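To start, the structure under review is shown below, and the notes come after it.
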Amino acid sequence: MVPAWLWLLCVSVPQVTLEMQDGHVLWGPQPVLVHVKDENDQVPHFSQAIYRARLSRGTRPGIPFLFLEASDRDEPGTANSDLRFHILSQAPAQPSPDMFQLEPRLGALALSPRGSTSLDHALERTYQLLVQVKDMGDQASGHQATATVEVSIIESTWVPIEPIHLAENLKVLYPHHMAQVHWSGGDVHYHLESHPPGPFEVNAEGNLYVTRELDREAQAEYLLQVRAQNSHGEDYAAPLELHVLVMDENDNVPICSPRDPAVSIPELSPPGTEVTRLSAEDADAPGSPNSHIVYQLLSPEPEDGVEGRAFQVDPTSGGVTLGVLPLRAGQNILLLVLAMDLAGAEGGFSSTCEVEVAVTDINDHAPEFITSQIGPISLPEDVEPGTLVAMLTATDADLEPTFRLMDFAIERGDTEGTFGLDWEPDSGHVRLRLCKNLSYEAAPSHEVVVVVRSVVKLVGPGPGPGATATVTVLVERVMPPPKLDQESYEASVPISAPAGSFLLTIQPSDPISRTLRFSLVNDSEGWLCIEKFTGEVHTAQSLQGAQPGDTYTVLVEAQDTDEPRLSASAPLVIHFLKAPPAPALTPAPVPSQYLCTPRQDHGLIVSGPSKDPDLASGHGPYSFTLGPNPTVQRDWRLQTLNGSHAYLTLALHWVEPREHIIPVVVSHNAQMWQLLVRVIVCRCNVEGQCMRKVGRMKGMPTKLSAVGILVGTLVAIGIFLILIFTHWTMSRKKDPDQPADSVPLKATV
């Protein structure tokens, strides 16, 4: 039946024309497409009525060995032309009725799994199969056709091949035939694989070829796999494996290992010490004469007139050892050794191996000083610690820098640690430095013994006499500059202080050992003056222009009277205070203002500005502090008793017996006053009475004078008692509720 689409080409196409009543044509002639429906009126048929195939024993089940072909003239792609293949019968049916299987769609005929197991036991040599092809796919209806398939069972020729030996560098015409494989079944295609890939190929008849020369050193063995496949590339059976072994020829030169860094050998090493072991490589077959290497020493050659050599080489192992000739530290020797294959036989190859030998140093020399006696070196005793005293140099005859490292120490002559050493680790220079102050009185001279040792342990004899050096140091006596008892001074003075007002006393720290002359520097206003030898500072004139709260700084210089070039200086800062009110300028009278030295358990009562109207009306409290003079603060102690009085005592056990003027600063809120308290320090008897010097008495007193003295004394005592009682009574009347701790205390001795 002709397919429906072909009718467009085989039949005439009708044309249709549409006209109006008035004769106008709307459409012209148009073609009409006619589809002809296909009917299953064609019978499928095989390409052959009888198929013949050969089946080799050992064929894998399921691998097609024959492909049946059939056709149907109905329309392609429809059920009418959908063909299915089936096996209708098998003759003979032994040993199994289903020895074969036929793939329904492809028509691929293969041995069934049951047939594979039964084929080896089958006695029959030929099987005849009746096969059918039917259209309409898997439907029961449809047209069909049959054909006969004759299958001949033959013995398998797919057998392993012995290994093939091929000489490397073989000079023949390529491709060169090696062997042949054969698959006894039909429709076979051969495929060759090489592991690793090599120059091999197989043709359609199963002949194996090598296509070029082989190199055993590049690849000594190949594994070839040959496959027998059907037209679809499926293996009929397991691939055959074929080993190709490449035979060796002596075509490689012995190769020495790359030249390594110099081999280090310590000097004085004994004969027989192994230096290195040569290992030349020959790429020819291991264990064969082609790769059998022996060694021979070429250089250094023996010296004329000297027996023995510095090095020896073992011919078989290649071991290099020391000979009987000694080596010197620092030598660099190049050894040339000949490596020969074929065990040194004629016709073999050879190479020259190089070995560099460096003779290293050992620590067999002790360090020594270049000079063993240094000095005498003179140093003033006031030289600063850290000063370089001497530089010492030591040397070491060893070559290795590590062996030349030295360690220095003071061996003797410095028990007090007055001196010290410092040096660089890789230097032979050591510095002797001063670590403590020198003293001429303690030690007018020093003999310092410095020892040098090797950091690394010595090999051989110990250090010699040159390992020590003696440094002689002479100490020069130096007078130190004078020192004041303070680094800086401060004093306070009211701006209303008159000329000649005492401020403070500048004293040396050691007034007994030396005498100083004092002077002032930078006294731009001329307000101050200082006694040259006592150091007392007074106002030189009225402080006109000074303001309360300001400061005035001058520099006090003190020169040694014996050594004028030696001097000391310290700043003096004057703090200007507010001028006190007129009533406060005169302190309240304090009777019997004296204190005993050495110090006894009594003091003086210091009261505030008692005539101040504020104090009289009960205003306060007041605070009391000693003036900023450091000498006053050192010698005296002031303790506040209440808001109007303080208690003045000696701070030291001994104070020089004389009249002292003690500045006391009294403050209340923002106001400040300075009281100058005059205190007589004197020696006292056991009753605590001051013993003062009196003039020499002339004659004896008369009775009248004695009576007058007695009467005058009694009158004075009475008046004093009346004053005290009157003052106490008035104080009670003014403030009867005043607490007890605010009642003014009176001066007592």
Side-chain angles (χ1 to χ4, degrees), residues 375-389 416 418-419 433-447 472-491 500-540 552-574 597 627-636 651-661 681:
I377 300 171
S378 297
L379 292 177
E381 62 178 345
D382 63 346
V383 67
E384 291 292 332
T387 301
L388 177 65
V389 178
E416 301 298 328
T418 306
F419 301 91
R433 294 189 182 275
L434 188 66
C435 295
K436 295 182 179 180
N437 292 320
L438 296 173
S439 174
Y440 177 84
E441 291 77 9
S445 65
H446 300 268
E447 284 193 355
T472 303
V473 179
L474 301 180
V475 182
E476 297 178 355
R477 187 170 186 176
V478 176
M479 289 293 293
K483 292 185 179 180
L484 301 178
D485 60 346
Q486 296 181 192
E487 295 183 356
S488 62
Y489 297 89
E490 293 186 8
S501 298
F502 173 80
L503 299 182
L504 76 163
T505 300
I506 308 296
Q507 293 182 346
S509 60
D510 187 7
I512 299 176
S513 62
R514 61 202 318 168
T515 304
L516 303 181
R517 180 183 287 110
F518 298 95
S519 62
L520 296 178
V521 182
N522 296 335
D523 184 12
S524 58
E525 300 294 337
W527 284 338
L528 306 176
C529 62
I530 187 171
E531 292 293 335
K532 290 184 179 181
F533 298 105
T534 63
E536 291 186 355
V537 181
H538 299 80
T539 56
Y552 183 66
T553 303
V554 296
L555 187 67
V556 179
E557 281 194 351
Q559 286 184 324
D560 193 311
T561 55
D562 296 329
E563 293 285 343
R565 64 183 181 85
L566 302 178
S567 63
S569 62
L572 169 60
V573 180
I574 305 299
T597 185
N629 190 325
T631 304
V632 172
Q633 295 181 355
R634 180 193 65 189
D635 297 346
W636 301 88
L652 301 179
H653 180 71
W654 171 265
V655 175
E656 181 183 359
R658 63 178 176 83
E659 183 182 34
H660 294 264
I661 299 177
V681 178

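No experiment lies behind these values; they were computed from the predicted model shown. Just so it is clear, the values below take in all heavy atoms, side chains as well, and ignore hydrogens, waters and symmetry mates.
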Ignoring hydrogens and angles, tell me if any N or O in the side chain of [X] forms a donor-acceptor pair with the backbone of [Y] under 3.5 Å.
X    : Y    : answer
T597 : V655 : yes
D485 : I506 : no
E536 : E531 : no
R433 : G386 : yes
E557 : A568 : no
S445 : V473 : no
T472 : G375 : no

Find the distance between [atom1] ([X]) and [atom2] ([Y]) and round it off to the nearest 0.5 Å.
X    : Y    : atom1 : atom2 : answer
L434 : T418 : CG    : OG1   : 7.5 Å
S569 : E487 : OG    : CD    : 11.0 Å
E384 : L438 : CD    : CG    : 11.0 Å
L572 : L484 : CG    : CG    : 11.0 Å
Y489 : T505 : OH    : OG1   : 10.0 Å

Locate the shortest heavy-atom distance separating [X] from [Y]; write the atom from each residue and the value.
X    : Y    : value
E476 : Y440 : C-CD1, 4.5 Å
D523 : V554 : CA-CG1, 3.8 Å
A540 : G526 : CB-O, 3.6 Å
C435 : P385 : O-CB, 3.6 Å
Y552 : E525 : OH-N, 2.9 Å
L516 : A558 : CD1-CB, 3.9 Å

Legend entry - Other residues, nucleotides, ligands: >12 heavy atoms within 6.0 Å of E447 CD: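 No, not enclosed.
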Inset, instruction - Inspect the surroundings of CD in Q633 and state if more than 12 heavy atoms from other residues, nucleotides or ligands are less than 6.0 Å away. - result: yes
Inset, instruction - For the residue pair V556 and L520, establish whether any side-chain heavy-atom pair is separated by less than 4.5 Å. - result: yes
Inset, instruction - Find out whether T515 and D562 are in side-chain contact, i.e. whether some heavy atom of one side chain is under 4.5 Å from a heavy atom of the other. - result: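 Side-chain contact under 4.5 Å: no.
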Inset, instruction - Step by step, work out the side chain to side chain contact (heavy atoms under 4.5 Å, CB included) result for T553 and N522. - result: CA-CA 8 Å; T553 303; N522 296 335; over 6 Å; no
Legend entry - Steps toward side chain to side chain contact (heavy atoms under 4.5 Å, CB included) verdict (V475, H446): CA-CA 8 Å; V475 182; H446 300 268; 3.9 Å; yes
Inset, instruction - Mind telling me whether H660 and W636 have parallel, tilted or perpendicular rings, with 30° and 60° as the class edges? - result: perpendicular
Legend entry - Residue of the set I530, V537, T534 for which side chain to side chain contact (heavy atoms under 4.5 Å, CB included) holds with F518: I530
Inset, instruction - Determine, stepwise, if the pair R634 / Q507 fulfils side chain to side chain contact (heavy atoms under 4.5 Å, CB included). - result: CA-CA 12 Å; R634 180 193 65 189; Q507 293 182 346; 3.5 Å; yes
